Asks: 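The structure that follows is given in the form of structure tokens.
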2 protein chains.
Amino acid sequence: MKKSNDTKANAPTKSRREIKKFWTDEGEQELSETSRKKRAQIIEAALETFLQLGYEGASMNLVAERAGVIKQTIYSHFQDKQSLFREVIASLTVDYVQNALQEPELINKPLPAVLRKIAETILARHQDPRHIRFVRTMIGEAERFPELAKLFTDTTVRPVLSLIVERIKNQTIYKFDDPEAFARVFIGTVVNHCLQQHILHGKELLPFDATRLVDELVAIVELHRVS
Amino acid sequence: MKKSNDTKANAPTKSRREIKKFWTDEGEQELSETSRKKRAQIIEAALETFLQLGYEGASMNLVAERAGVIKQTIYSHFQDKQSLFREVIASLTVDYVQNALQEPELINKPLPAVLRKIAETILARHQDPRHIRFVRTMIGEAERFPELAKLFTDTTVRPVLSLIVERIKNQTIYKFDDPEAFARVFIGTVVNHCLQQHILHGKELLPFDATRLVDELVAIVELHRVS
DNA sequence: ATTCTATCATACCGGTCGGTATGGTAAGAT
DNA sequence: ATCTTACCATACCGACCGGTATGATAGAAT
């Protein structure tokens, strides 16, 4: 369909580097300094381009140009456009999660403080235009690249949900009948706010202060305090 | 950028039909039976194709083929690809809203019943694969076509929010300090559930029963009952 | 009977796509 | 000094893109 040239349609091929790695014996030989630099340039340019134009909209020519690299260099590091996209988006996904809720300082704070912290983290992240584009791309390409959506779910959605559930269960001041459901109410509200405000341009059309939302959520938590 | 051939780059042109309309005198002459039929075929095929492949991914050739029509016929009804996309997505947007919450039967029901009904409506709508694709497309193309996101906000998001707010204010059984914030908690939760379950494939990876969510939300409402 | 309109079929346009081929250059390893 | 490696520049490939041109056909309106 369309413009996809399946010159290499079948028989999974490997990028040049992978082929080399295959039959020079196992050495793991780390790429040379400059080679790793080129690779980093490619990844950076690819990220920028894919997040801006989407998978179909981005062209390898543009990526090469932005990376300051010749197209062949890309194809010696990555098998094809799909591989590049997958690799780049996947690594961004895990990058995001790894600098996230690793803050151990909130370990024994009261539940509302923990929830506020989580909400703040999500909200702050959506101040970064790149993260907004990341979310849009993730959603927009979720059908073409379901593995990426799964990765996102595994590394981001599930952990934050279980974190909340765990915190709810590990305290006795507030009582919830269905902690998992409440966790979803909480992050659903925050995430939908980000989506609506930043991606669907609600910020300009139907602006709403996130603080009111978080306050409302915390007020709801307070209603669950055991008498 | 990329493959967009701006053969007609500047000077806004009109589709053939629009030109004709301009200087045959005002008649509004309704298109012939078969002409309207062709047009409907085109719209249907364009919808299917755009929702499936996205704007960049869909090709006019494919749309024509699926519509059982020659490419020129499309270009006599629509100015260009962008116009077709805009028109088709916009009309789907307003279609959706118009068969939605027009049910006047819930006018004087208690608040929980009203909210349940709204949640059910949203959830039911996301059982339709086409609507899921619609939402994904709306989000995915929100940067390229912000007017569509605005239309969606105006016709869908805002009305359903104000409906809830209005209902909250028009009763005295439940007391909310910030009705608007609660409305956003409510629909945020439901919408995010649909997004997570159907678009990000949570249905297969992290399934969750919507009923628990709605029950949780109604339970929260119940906590707001006056004394 | 003639004119007009909307469609058809087919072919074309310039341009971009993803991806490859060829051949050259500079640096580091042997 | 030779070889290898990673890159460069340029040009090419076939396919497909959005969009147009030409000319034929068939139905309805005059």
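The basis for the numbers below is simple: all heavy atoms, side chains too, and nothing from hydrogens, waters or symmetry mates. Source: prediction; values computed, not measured. Below, chains carry the letters A, B, ... as their sequence lines are ordered, and counting in each starts from 1.
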Asks: Partners of B/Glu141 by side-chain hydrogen bond (donor to acceptor under 3.5 Å, both in side chains), sequence neighbours excluded?
Replies: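 side-chain hydrogen bond (donor to acceptor under 3.5 Å, both in side chains) check on B/Glu141 returns B/Arg144.
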Asks: If only side-chain N and O atoms count, and only distance matters, is there a donor-acceptor pair under 3.5 Å linking B/Thr211 with B/Asp209?
Replies: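 Per modelled atom types, B/Asp209 and B/Thr211 side chains form a pair under 3.5 Å.
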Asks: Using the salt bridge (charged side-chain N to carboxylate O under 4.0 Å, His left out) criterion, which residues pair with A/Glu147? Sequence neighbours excluded.
Replies: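 A/Glu147 satisfies salt bridge (charged side-chain N to carboxylate O under 4.0 Å, His left out) with A/Arg86 only.
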Asks: Can you say whether the rings of A/His198 and A/His126 are parallel (under 30°), tilted (30 to 60°) or perpendicular (over 60°)?
Replies: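 A/His198 vs A/His126 ring planes: parallel.
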Asks: In whole angstroms, how far is the C1' atom of C/dT7 from the CZ atom of B/Arg36?
Replies: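 Roughly 16 Å, once rounded to whole Å.
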Asks: Return the value, rounded to whole Å, for the distance between atom CG of A/Leu53 and atom C1' of C/dT16.
Replies: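 Whole-Å distance recorded here is 13 Å.
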Asks: So, applying ring pair (Phe, Tyr, Trp, His ring centres under 6.0 Å) with B/Phe145, which one of B/Phe50, B/Tyr55, B/Phe152 is it?
Replies: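 Of all the options given, the one that passes is B/Tyr55.
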Asks: If you check the A/Tyr75 side chain, which of C/dC8, C/dT20, D/dC7 turns out closest?
Replies: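 Nearest to the side-chain atoms of A/Tyr75, counting from C-beta on, is C/dT20.
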Asks: Is the shortest side-chain N/O distance from B/Lys38 to OP1 or OP2 of C/dC8 below 4.0 Å?
Replies: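 Result: yes.
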Asks: How close do A/Leu51 and A/Phe134 get, heavy atom to heavy atom, and via which atoms?
Replies: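 For A/Leu51 and A/Phe134, the tightest heavy-atom pair comes out as CD2-CA, 3.8 Å.
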Asks: Considering residues at least two apart in sequence or located in another chain, which fulfil the salt bridge (charged side-chain N to carboxylate O under 4.0 Å, His left out) criterion with B/Glu44?
Replies: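 By the salt bridge (charged side-chain N to carboxylate O under 4.0 Å, His left out) rule, B/Glu44 matches B/Arg130.
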Asks: List the residues meeting salt bridge (charged side-chain N to carboxylate O under 4.0 Å, His left out) with B/Glu87, not counting sequence neighbours, and say none if there are none.
Replies: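 Residues passing salt bridge (charged side-chain N to carboxylate O under 4.0 Å, His left out) with B/Glu87: B/Arg39.
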Asks: Could I get a table of every N or O pair under 3.5 Å where one atom is in the protein and the other is in nucleotides 23-28 of chain C?
Replies:
none

Asks: Can you see which heavy atom on B/Pro159 is nearest to which on B/Thr153, and at what distance?
Replies: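 Looking at all heavy atoms of both residues, the closest pair is CD-O, 4.0 Å.
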Asks: What is the distance, rounded to the nearest whole Å, between atom CD of A/Gln79 and atom P of C/dG19?
Replies: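 To the nearest whole Å, that distance equals 9 Å.
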Asks: Over how many whole Å does the gap from A/Gln82 atom CD to C/dG19 atom C1' extend?
Replies: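 So the CD-C1' distance, A/Gln82 to C/dG19, works out to 14 Å.
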Asks: Give a yes/no answer on whether the side chain of A/Thr73 brings an N or O atom under 4.0 Å of OP1 or OP2 in D/dA6.
Replies: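 Checking A/Thr73 against D/dA6: no side-chain N or O falls below 4.0 Å of OP1 or OP2.
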Asks: Start with the C-alpha distance between B/Arg184 and A/Thr189, add both sets of side-chain angles, then the distance that settles side-chain hydrogen bond (donor to acceptor under 3.5 Å, both in side chains), and finish with yes or no.
Replies: CA-CA 7 Å; B/Arg184 283 170 186 265; A/Thr189 298; over 6 Å; no
Asks: Report the nucleotide, chosen from C/dG19, D/dT20, D/dC8, that has the shortest atom-to-atom distance to any side-chain atom of B/Lys71.
Replies: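 In terms of side-chain proximity for B/Lys71, the closest of C/dG19, D/dT20, D/dC8 is D/dT20.
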Asks: Given D/dC17, is OP1 or OP2 found less than 4.0 Å from the side-chain N or O atoms of B/Ser59?
Replies: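 Yes, because at least one side-chain N or O of B/Ser59 sits under 4.0 Å from OP1 or OP2 of D/dC17.
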Asks: Can you figure out which of C/dC8, D/dT10, C/dG19 approaches the side chain of A/Ile70 most closely?
Replies: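 Output: D/dT10.
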Asks: With the criterion being N/O to N/O and under 3.5 Å, what pairs connect the protein with nucleotides 21-28 of chain D, and how long is each?
Replies:
from	atom 1	to	atom 2	distance (Å)
D/dA21	N7	B/Gln72	NE2	2.9

Asks: What is the separation between atom CZ on A/Phe85 and atom C1' on C/dG19, rounded to the nearest whole Å?
Replies: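 Interatomic distance, CZ of A/Phe85 to C1' of C/dG19: 19 Å.
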Asks: Please report, rounded to the nearest Å, how far the P atom of C/dC17 is from the CG atom of A/Asp80.
Replies: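 In whole Å, C/dC17 P and A/Asp80 CG are 17 Å from each other.
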Asks: In whole angstrom, give the distance that lies between atom CZ of A/Phe78 and atom C1' of C/dG18.
Replies: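 Rounded to the whole Å, the gap is 16 Å.
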Asks: Return the value, rounded to whole Å, for the distance between atom CD of A/Glu65 and atom P of C/dG18.
Replies: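 Distance, rounded to whole Å: 13 Å.
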Asks: Return no unless some side-chain N or O of B/Asn61 is found under 4.0 Å from OP1 or OP2 of D/dC16.
Replies: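 For B/Asn61, the contact criterion (side-chain N or O under 4.0 Å from OP1 or OP2 of D/dC16) is not met.
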Asks: From the list D/dG18, C/dG18, C/dT7, which nucleotide is the closest neighbour of the side chain of B/Ser76?
Replies: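 Among the listed nucleotides, the one closest to the side chain of B/Ser76 is C/dT7.
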Asks: Verify the contact: side-chain N or O of A/His77 to OP1 or OP2 of D/dC7, cut-off strictly under 4.0 Å; return yes or no.
Replies: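 It does, given that an N or O in the side chain of A/His77 lies less than 4.0 Å from OP1 or OP2 of D/dC7.
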